[in-house]
Amino acid sequence: MTLNRIAPEAARLARRPVLQAAVTTGARCSNREQYRDLLDRNRSSPPAMWAAQQAAAQKLCAGCPVRPACEELALRDGTGDRASDDLVRGGRRGQDLAIDREIRQAARIATAVTADWQQRPELAAAPRGAAGAGVTDDVVVARDDDMPVAA
């Protein structure tokens, strides 16, 4: 596994620092400001406009060599909400991420988040939110826009 390409199964097995390094160095959307309007919904956008943006974002993600790592980070970070359709991460809509995290892959995601925390003993003692949301350490900082970035 290299940091500029990661397979889906490797992403599921990788620990958080490896996933974050892959996304930080290899993501097609690494210039977050350039793609902000594409990946995040402007609340005043009409549904038809957001549908077109979403399709374009998913197309951008489809060709990304680290899409599986980005998707895995989004699942572990608690990104997305079943009640709101307002973002695309790892080529997936926020609603789809939430359904996978809460229903389809709940046990696997919980195990991965626990393993991430156990790997970093200094973090294990710190309080944390659901699915590790709001994690802050020397490797990853989760920002308000739910896009993890390297510290």
Side-chain angles (χ1 to χ4, degrees), residues 1 4-117 123 127-137 139-151:
M1 173 178 64
N4 61 357
R5 183 164 298 280
I6 188 166
E9 184 59 28
R12 286 189 283 278
L13 297 173
R15 296 286 50 95
R16 177 172 208 62
V18 173
L19 295 170
Q20 187 61 59
V23 170
T24 300
T25 61
R28 290 180 72 187
C29 66
S30 62
N31 182 350
R32 183 81 171 115
E33 293 305 314
Q34 178 182 351
Y35 294 108
R36 177 174 296 286
D37 291 340
L38 188 62
L39 298 171
D40 297 312
R41 183 178 188 176
N42 177 339
R43 298 287 183 208
S44 62
S45 294
M49 182 181 283
W50 172 238
Q53 283 178 250
Q54 224 175 17
Q58 289 173 320
K59 185 176 180 179
L60 175 74
C61 293
C64 184
V66 295
R67 188 210 53 76
C70 185
E71 177 184 349
E72 184 66 20
L73 279 174
L75 287 167
R76 291 184 194 183
D77 286 344
T79 303
D81 181 354
R82 285 194 283 169
S84 172
D85 180 24
D86 61 355
L87 58 87
V88 173
R89 295 292 184 275
R92 311 269 313 280
R93 296 175 330 127
Q95 291 170 322
D96 296 333
L97 289 167
I99 290 168
D100 269 6
R101 181 181 56 258
E102 297 168 12
I103 300 170
R104 294 182 190 138
Q105 300 183 46
R108 184 190 70 76
I109 298 298
T111 300
V113 169
T114 299
D116 287 343
W117 281 87
L123 296 178
R128 63 180 190 241
V135 173
T136 303
D137 65 16
V139 177
V140 176
V141 175
R143 297 188 319 215
D144 290 340
D145 61 4
D146 288 328
M147 187 69 167
V149 295

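The structure presented is a predicted model; accordingly, all values stated were derived computationally and were not measured.
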>> Applying side-chain contact (heavy atoms from CB on, under 4.5 Å) to Ile109 and Glu102, what does each step give before you reach the verdict?
In response: CA-CA 9 Å; Ile109 298 298; Glu102 297 168 12; over 6 Å; no
>> side-chain contact (heavy atoms from CB on, under 4.5 Å), that's the test. Do Asp40 and Gln53 meet it? Break it down for me.
In response: CA-CA 9 Å; Asp40 297 312; Gln53 283 178 250; over 6 Å; no
>> Quick one, Arg43 with Asp86, criterion side-chain contact (heavy atoms from CB on, under 4.5 Å). Give me CA distance, side-chain angles, the key distance, then yes/no.
In response: CA-CA 8 Å; Arg43 298 287 183 208; Asp86 61 355; 2.9 Å; yes
> Hey, mind stepping through Ile6 and Leu19 against side-chain contact (heavy atoms from CB on, under 4.5 Å) and telling me if it holds?
Replying inline: CA-CA 9 Å; Ile6 188 166; Leu19 295 170; 4.1 Å; yes
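Rounding to the nearest 0.5 Å gives a distance of 15.0 Å between SG of Cys64 and NZ of Lys59. Going from atom CZ of Arg92 over to atom OG1 of Thr79 covers 12.0 Å, rounded to the nearest 0.5 Å. How far CD of Glu72 is from CZ of Arg67: 10.5 Å, rounded to the nearest 0.5 Å.
Summarising the geometry of Leu97 relative to Ala74, their closest heavy-atom pair is CD1-CB, 3.8 Å, with the distance given to 0.1 Å. Shown here for Ala115 and Arg15, the closest heavy-atom pair between the two residues is CB-CZ, 3.6 Å. Nearest heavy atoms, Asp81 versus Gln95: O-CG, 3.4 Å. Between Trp50 and Leu87, the shortest heavy-atom distance links the atoms CZ2-N, 3.6 Å. The two residues Arg16 and Leu73 make their nearest non-hydrogen contact at NH1-CD2, 3.2 Å. Of all non-hydrogen atoms in Ala56 and Leu38, the two that sit nearest each other are CB-CD1, 3.4 Å.
Between Asp85 and Arg41 no salt bridge is recorded (no basic side-chain N to carboxylate O distance below 4.0 Å). Looking at Asp100 and Arg108, no side-chain N of the basic residue comes within less than 4.0 Å of a carboxylate O on the acidic one, giving no salt bridge.
Annotation: side chain of Gln34 is not in contact with side chain of Cys29 (no heavy-atom distance under 4.5 Å).
Of the possible polar contacts, none joining the Arg82 side chain to the Ala98 backbone as a donor-acceptor pair under 3.5 Å is found.
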